[in-house]
Colleague: 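Pasting a structure below so you can have a look.
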Amino acid sequence: MPSVRTRIAPSPTGDPHVGTAYVALVNYCFARKHGGEFVLRIEDTDQARSTAESERAILDALHWCGLTWDEGPDVGGPHGPYRQSERSSIYREYADKLLAGGYAFKCFCTPQRLEEMRAVQRASAQPSRYDGHCLSYTPEEVARREAAGQPYVIRMRVPDEGVIVVDDLRRGPIEFDYKSVDMQVLVKSDGLPTYHLANVVDDHLMEITHVIRGEEWVSSAPKHLLLYSYFGWQPPEFVHLPLLRNPDKSKLSKRRNPTGILFYERMGYLPEALINFLGLLANATREGEDELMDLTALVRRFELEHIPVGGPVFDVAKLDWLNGRYIRERLDAASFVRRVEEWAVSPERLTKIAQLAAPRIERLSDLAPLLAFLFSGRLALRAEDFKNVKLDAPEMREAFTLALREFDALPAWNVFGIEDVLKRIAQTLGKKGRDLARPFYVAITGSTTSIPLYDSMELLGRDIVRERLRGALEVV
RNA sequence: GGCGCCAUCGUCUAUCGGUUAGGACAUCGCCCUUUCAAGGCGGAAAGACGGGUUCGAUUCCCGUUGGCGCUACCA
């Protein structure tokens, strides 16, 4: 039996997402189950959005979940580098091969032309697809434009007629008409590859045997398959996992619900419970089987064939139940103490808290009421709590809504960024910073007297803060 | 708009043509209990709709409807 190699390929463009942990878990289980290897690769070809902090956070979060990988940017391995931004020359080389083979071409079309083209296609019920305009250029014309310094991208060629079949291990054959497959950009005008090129090249060079990824990739699978054939490579097996959903069945998104792994960590969920819960979504138990399972058990009973194809709702109530069982059934007194310490009063965290709290108390017993909000989940806020603020209800709603959006977009979560956002909102609403801070204080801490606001927010973390703002929006 | 994926209790799911459609979470009731949990027992709760195929469809096929994804020089 050929050895199995799977991978998780997160893009470091935000906070670690539970969906990433879910896909990673499935890849991990499949590899381990078959005695294969599991690789972590960072897909940071989008220079504008990728950050080193996000990469660090994602690796930390996956480790917190208890997942480990055999190869990756942090542990090395024989197929490195494992960060796409460090593999540019490789992609350039393969893009040139496609160009030389006539499987790709340089495209000088302007964004405006492409936009107009798509508008026409949409209006006439046609699939959105590059019309092949630059395909008609002679080599001389291409050289002339290049020499003139015209920016260009490299697009893959796609046949005009026929169908291509993607064989999904779980879903069976999926047919696509070539007419509905776009001539995807492979190399951007900045010379960096897009996901599609980098992904195929890397999966091949890293000898990935099974590409297990989210359902959002189904429609681009034909492009990937085509690239494998252009290169003359044996494509891997494909499995597309269903997307996790919000309770209203929409794609699990941080706009509406907490999706960050860090959120669940800060809320006091145990990593074993989270991973157990995700494992249950991938492979449900049979009747009579205990749903409480550690990672080893999850691996042992893992079956690709049993992964459901419909998008499951991320049901926090069930996670709560599992988490409770871990706390009362799997934690003895000593490990309970250790967990609580790690979660609540780790040395780093306690040091920060101490500096903020010490000046504000007279007795140590003052700590509990002062800091209760740091150790709580959702606060039980009431409309009366917002009585003594200088903003009226519509203003507060606008401020909280604005903050929800801006906090989401904030690249780095720290007091400086938080302060900037709040100052900006004060300006937008024409309010004094002090008057704006008060309602936020209540929303975040549940009281009007505590440690400084920005520090509190940093300590709580982005997801908890956003969750509390959502909570506040429900009562004001 | 185009292309694709999906469709069983509120939620996660089992059922590989014939079942009283099973389990788990949540919910409701009872028991236990100094409180609250936990625990035990029990209840209510589902095959989207319309056509076929078949002796027989939740199960196979087609259509409709609905949900979701993709439709970028983001992944």
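Note that the structure is a prediction, hence the values are computed from the model and not measured. Convention: sequence-line order gives letters A, B, ...; per-chain numbering from 1.
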Colleague: Flag the pair A:D202 and A:R87 as a salt bridge only when some basic side-chain nitrogen lies within less than 4.0 angstrom of an acidic carboxylate oxygen.
Modeller: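 Yes, A:D202 and A:R87 are salt-bridged.
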Colleague: With a 4.0 Å cut-off on heavy atoms, is A:S189 in touch with a base, just the backbone sugar-phosphate, or nothing at all?
Modeller: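 The answer is base, as A:S189 lies within the cut-off (heavy atoms under 4.0 Å) of a base atom.
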Colleague: Quick one: is B:C74 close enough that its OP1 or OP2 comes under 4.0 Å of any side-chain N or O from A:T45?
Modeller: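 Negative; the distance criterion is not met.
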Colleague: State the pairing partner of B:G50; accept Watson-Crick or G-U wobble contacts with both distances under 3.5 Å, and report none otherwise.
Modeller: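 B:C62 is the nucleotide pairing with B:G50.
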Colleague: Cation-pi check, A:R213 to A:F238: give yes when NZ or CZ is under 6.0 Å from the six-membered ring centre and within 45° of the ring axis, no otherwise.
Modeller: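 No, A:R213 does not sit over the ring of A:F238.
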Colleague: Write down the distance separating the P atoms in B:U53 and B:U8, rounded off to the nearest Å.
Modeller: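 Taking atom P in both B:U53 and B:U8, they lie 26 Å apart.
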Colleague: Does B:A14 have a Watson-Crick or wobble partner in any strand here, with both distances under 3.5 angstrom, and which is it?
Modeller: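 Its partner: none found.
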Colleague: A:R118 side chain: which of B:A75, B:G2, B:C73 is closest?
Modeller: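 Of B:A75, B:G2, B:C73, B:C73 is nearest to the side chain of A:R118.
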Colleague: Using the benzene-type ring in the case of Trp, are the ring centres of A:F231 and A:H204 under 6.0 Å apart?
Modeller: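 Ring centroids of A:F231 and A:H204 are no less than 6.0 Å from each other.
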Colleague: Closest approach to the side chain of A:F176, judged atom by atom: which nucleotide of B:A75, B:G69, B:G4 is it?
Modeller: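 Closest of the options to the side chain of A:F176: B:G4.
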Colleague: Any idea which of B:C73, B:A75, B:C5 is nearest the A:E215 side chain?
Modeller: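 Among the listed nucleotides, the one closest to the side chain of A:E215 is B:C5.
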Colleague: If you measure from the P atom in B:U58 to the same atom in B:C41, how many Å do you get, rounded?
Modeller: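 These two P atoms come out 33 Å apart once rounded.
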Colleague: Looking at the side chain of A:P308, which of B:C25, B:C73, B:U13 is the nearest nucleotide?
Modeller: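 Of the options given, the side chain of A:P308 lies nearest B:U13.
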Colleague: How long is the line joining CG of A:D320 and P of B:C12, in whole Å?
Modeller: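 Rounded to the whole Å, the gap is 16 Å.
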Colleague: Expressed as a whole number of Å, how far does the P atom of B:U19 sit from that of B:C31?
Modeller: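 About 38 Å, rounded to a whole number of Å.
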Colleague: Applying the Watson-Crick and G-U wobble criteria at under 3.5 Å, what pairs with B:C5? Answer none if nothing qualifies.
Modeller: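 The base-pairing partner of B:C5, which may sit in any strand shown, is B:G67.
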Colleague: Give one of base, sugar-phosphate or nothing for A:R286, where a contact means two heavy atoms less than 4.0 Å apart.
Modeller: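 Sugar-phosphate only.
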Colleague: For A:P247, answer base if it contacts any base atom (sugar-phosphate contacts may also be present), sugar-phosphate if it contacts only those atoms, and nothing otherwise; contact means non-hydrogen atoms under 4.0 Å.
Modeller: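 No contact.
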Colleague: In whole Å, what is the span from the CD atom of A:E305 to the C1' atom of B:U13?
Modeller: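 The distance from CD of A:E305 to C1' of B:U13 comes to 17 Å, rounded to the nearest Å.
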Colleague: Assuming nearest nucleotide by heavy-atom distance, tell me which of A:R171 and A:H306 is located more 5' along RNA chain B.
Modeller: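 Result: A:R171.
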Colleague: Among B:G1, B:C25, B:C68, which nucleotide sits nearest the side chain of A:A125?
Modeller: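 Per side-chain heavy atoms of A:A125, the pick is B:G1.
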Colleague: When you check the gap from the basic side-chain N to the acidic O, do A:E272 and A:R330 get nearer than 4.0 Å?
Modeller: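 Result for this pair is no, no salt bridge flagged.
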Colleague: In whole angstrom, give the distance that lies between atom CG of A:L244 and atom P of B:C5.
Modeller: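 Value for this atom pair: 21 Å.
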Colleague: Under 4.5 Å between any side-chain heavy atoms of A:D44 and A:S54, yes or no?
Modeller: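 Result no, sub-4.5 Å side-chain heavy-atom pair not found.
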Colleague: Among the candidates B:C70, B:G22, B:A72, find the nucleotide nearest to the side-chain atoms of A:E287.
Modeller: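 Within the option list, the nearest is B:G22.
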Colleague: What is the pairing partner of B:U35, taking Watson-Crick or G-U wobble pairs with both distances under 3.5 Å in any strand?
Modeller: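 Answer to the pairing question: none, since B:U35 forms no Watson-Crick or G-U pair.
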Colleague: Using heavy-atom distances to pick each residue's nearest nucleotide on RNA chain B, tell me which of A:S219 and A:C107 is more 5'.
Modeller: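 Nearest nucleotide further toward 5': that of A:S219.
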Colleague: Please work out if A:E175 contacts a base, only the sugar-phosphate, or nothing of the nucleic acid, heavy-atom cut-off 4.0 Å.
Modeller: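 If one applies the 4.0 Å heavy-atom cut-off, A:E175 turns out to touch the sugar-phosphate alone, with no base involved.
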Colleague: Is A:K249 close enough to B:C6 that one of its side-chain N or O atoms is under 4.0 Å from OP1 or OP2 there?
Modeller: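 No, outside the criterion.
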Colleague: When the P atoms of B:C70 and B:A75 are considered, how many whole Å apart are they?
Modeller: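 Straight-line distance between the two P atoms is 14 Å.
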Colleague: Rounded to whole angstrom units, what separation is found between the CD atom of A:Q121 and the P atom of B:G2?
Modeller: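 Going from CD in A:Q121 over to P in B:G2 covers 14 Å.
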Colleague: By the 4.0 Å heavy-atom rule, please label A:V313 as base, sugar-phosphate, or nothing.
Modeller: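 The answer is sugar-phosphate, as A:V313 gets under 4.0 Å only of primed atoms, P, OP1 or OP2.
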Colleague: Give me the distance, rounded to whole Å, that separates B:G47 from B:U59 when you measure between the C1' atoms they each carry.
Modeller: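 My reading of the C1' atoms in B:G47 and B:U59 gives 10 Å.
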Colleague: Would A:R157 count as a cation-pi partner of A:Y103, with NZ or CZ less than 6.0 Å from the six-membered ring centre and within 45° of the ring normal?
Modeller: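 No, A:R157 and A:Y103 do not form such a contact.
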Colleague: Both distances under 3.5 Å, Watson-Crick or G-U wobble: report the partner of B:U19, or none.
Modeller: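 Base-paired to nothing in any strand shown.
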Colleague: So which nucleotide from B:G67, B:C74, B:A7 ends up closest to the side chain of A:R245?
Modeller: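 The answer is B:G67.
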Colleague: Without decimals, in angstroms, what is the distance between A:L197 CG and B:A72 P?
Modeller: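 Spelled out: CG on A:L197 to P on B:A72 is 18 Å.
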Colleague: In whole angstrom, give me the gap between the P atoms of B:G22 and B:A46.
Modeller: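 Nearest-Å result for B:G22 against B:A46 at atom P: 11 Å.
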Colleague: Tell me: CG of A:L322 to P of B:G23, nearest whole Å?
Modeller: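 That distance rounds to 19 Å.
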Colleague: What's the gap between B:A57 and B:U64 when it is taken at their P atoms, as a whole Å value?
Modeller: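 To the nearest whole Å, 23 Å.
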Colleague: Of all the choices, B:U13, B:G4, B:C25, which nucleotide is nearest to the side chain of A:P312 once you look at every atom?
Modeller: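 The nucleotide sitting nearest to the side chain is B:U13.
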Colleague: Hey, does A:R49 reach any base, or is it just sugar-phosphate, or nothing, if we go heavy atoms under 4.0 Å?
Modeller: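 Result for A:R49 = base.
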Colleague: Using whole Å, report how far CH2 of A:W321 lies from P of B:G10.
Modeller: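 Computing the A:W321:CH2 to B:G10:P distance gives 20 Å.
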Colleague: Would you kindly give the CD-to-C1' distance between A:E329 and B:A37, to the nearest whole Å?
Modeller: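 Computing the A:E329:CD to B:A37:C1' distance gives 14 Å.
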Colleague: How close do A:Y130 and A:M117 get, counting heavy atoms only, and between which atoms?
Modeller: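 Nearest pair, atom of A:Y130 first, then A:M117: CA-CE, 3.7 Å.
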Colleague: Would you call A:R83 and A:E86 a salt bridge, using N to O less than 4.0 angstrom?
Modeller: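 Salt bridge between A:R83 and A:E86, a charged N being under 4.0 Å from a carboxylate O: yes.
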Colleague: Looking for any heavy atom pair under 4.0 Å, which part of the strands does A:R129 touch: base, sugar-phosphate only, or nothing?
Modeller: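 Since no nucleic acid heavy atom lies under 4.0 Å of A:R129, the category is nothing.
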Colleague: Any side-chain N or O of A:R325 below 4.0 angstrom from OP1/OP2 of B:A38?
Modeller: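 So the side chain of A:R325 is outside the cut-off, no N or O lying under 4.0 Å from OP1 or OP2 of B:A38.
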Colleague: For the P atoms, the ones on B:C68 and on B:C30, what distance do you get once it is rounded to whole angstrom?
Modeller: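 Those two atoms are separated by 40 Å.
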Colleague: Among the nucleotides B:A7, B:U11, B:A26, which one has an atom lying closest to any side-chain atom of A:D315?
Modeller: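 Among B:A7, B:U11, B:A26, the one nearest the side chain of A:D315 is B:U11.
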Colleague: For B:U71, does either OP1 or OP2 sit under 4.0 Å from a side-chain N or O belonging to A:S220?
Modeller: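 No, because none of the side-chain N or O atoms of A:S220 sits under 4.0 Å from OP1 or OP2 of B:U71.
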Colleague: B:A72, OP1 or OP2 - any side-chain N/O from A:K223 closer than 4.0 Å?
Modeller: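 For B:A72, OP1/OP2 do not have a side-chain N/O of A:K223 under 4.0 Å.
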Colleague: Nearest of B:G2, B:G69, B:G4 to any side-chain atom of A:V218?
Modeller: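 Nearest nucleotide to the side chain: B:G4.
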Colleague: Partner lookup for B:A72, please. Criteria are Watson-Crick or G-U wobble with both distances under 3.5 angstrom; report none if nothing qualifies.
Modeller: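 Check on B:A72: unpaired, no WC or wobble geometry under 3.5 Å.
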Colleague: Could you label the plane-to-plane angle of the A:Y195 and A:W217 rings as parallel, tilted or perpendicular, counting under 30° as parallel and over 60° as perpendicular?
Modeller: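 Parallel.
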